[in-house]
Amino acid sequence: MKISSRNNITLLALAMLQMSFVGAVNASQANMLMQQLDKDNDGFISLREAVQHIELLRNFGLIDDDEDGRLTEKELANSKLTPTVSDTKNRVTASLKQQP
């Protein structure tokens, strides 16, 4: 096997590994958002529940692929617009607590 073929195989393997890692991170963020915001534990984030997170609320309609008015963990994981859980500056409840 030529060196360039080995390099191509190595690069392809690294790219596949990176894609699987990014997918796992997105799924993890989606799961954490679901746990944090799904207050009635029905497996969905409703519009009423999404108001707790401004960035999620801002992109709610774009993330809601089937346009049923609620977000599933799969929709959150598949969307590039899903905000991170650690972004507490965008949470309404955090900003309300900071006001005197």
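When a residue number appears, it is its place in the shown sequence, counting from 1.
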Which atoms form the tightest heavy-atom contact between [X] and [Y], and what is the distance?
X	Y	answer
E73	M34	N-CE, 3.2 Å
A77	A30	N-CB, 3.5 Å
D66	E75	OD1-OE2, 2.9 Å
A50	F60	CB-CD1, 3.7 Å

Could you measure the distance from the [atom1] atom of [X] to the [atom2] atom of [Y]? Nearest 0.5 Å is fine.
X	Y	atom1	atom2	answer
T82	L71	OG1	CG	8.0 Å
R58	E55	CZ	CD	4.5 Å
F44	L76	CZ	CG	11.5 Å
D40	I45	CG	CD1	10.5 Å

field: Results of side chain to side chain contact (heavy atoms under 4.5 Å, CB included) for L81 - residues two or more places apart only
entry: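 Here the qualifying residues are N59, L62, I63, S79.
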- prompt: Can any side-chain N or O of N78 pair as donor or acceptor with the backbone N or O of K74 at less than 3.5 Å?
  reply: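 It does hold such a pair.
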Side-chain donor/acceptor of E49 to backbone N/O of D38, under 3.5 Å: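 No.
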- prompt: Taking only residues two or more places apart in sequence, or in another chain, which ones meet D68 in a side-chain hydrogen bond (donor to acceptor under 3.5 Å, both in side chains)?
  reply: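 D68 satisfies side-chain hydrogen bond (donor to acceptor under 3.5 Å, both in side chains) with R70 once adjacent residues are dropped.
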query: Are side-chain heavy atoms of Q52 and K39 found at a separation under 4.5 Å?
result: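 Heavy-atom side-chain distance check passes, below 4.5 Å.
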- prompt: Same hydrophobic cluster for L37 and L57, using side-chain heavy-atom links shorter than 4.5 Å among ILVMFWY?
  reply: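 Yes, L37 connects to L57 through the hydrophobic network.
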query: Out of curiosity, does L47 fall in the hydrophobic cluster containing L33 (side-chain heavy atoms, cut-off under 4.5 Å, transitive links)?
result: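 Hydrophobic grouping puts L33 with L47.
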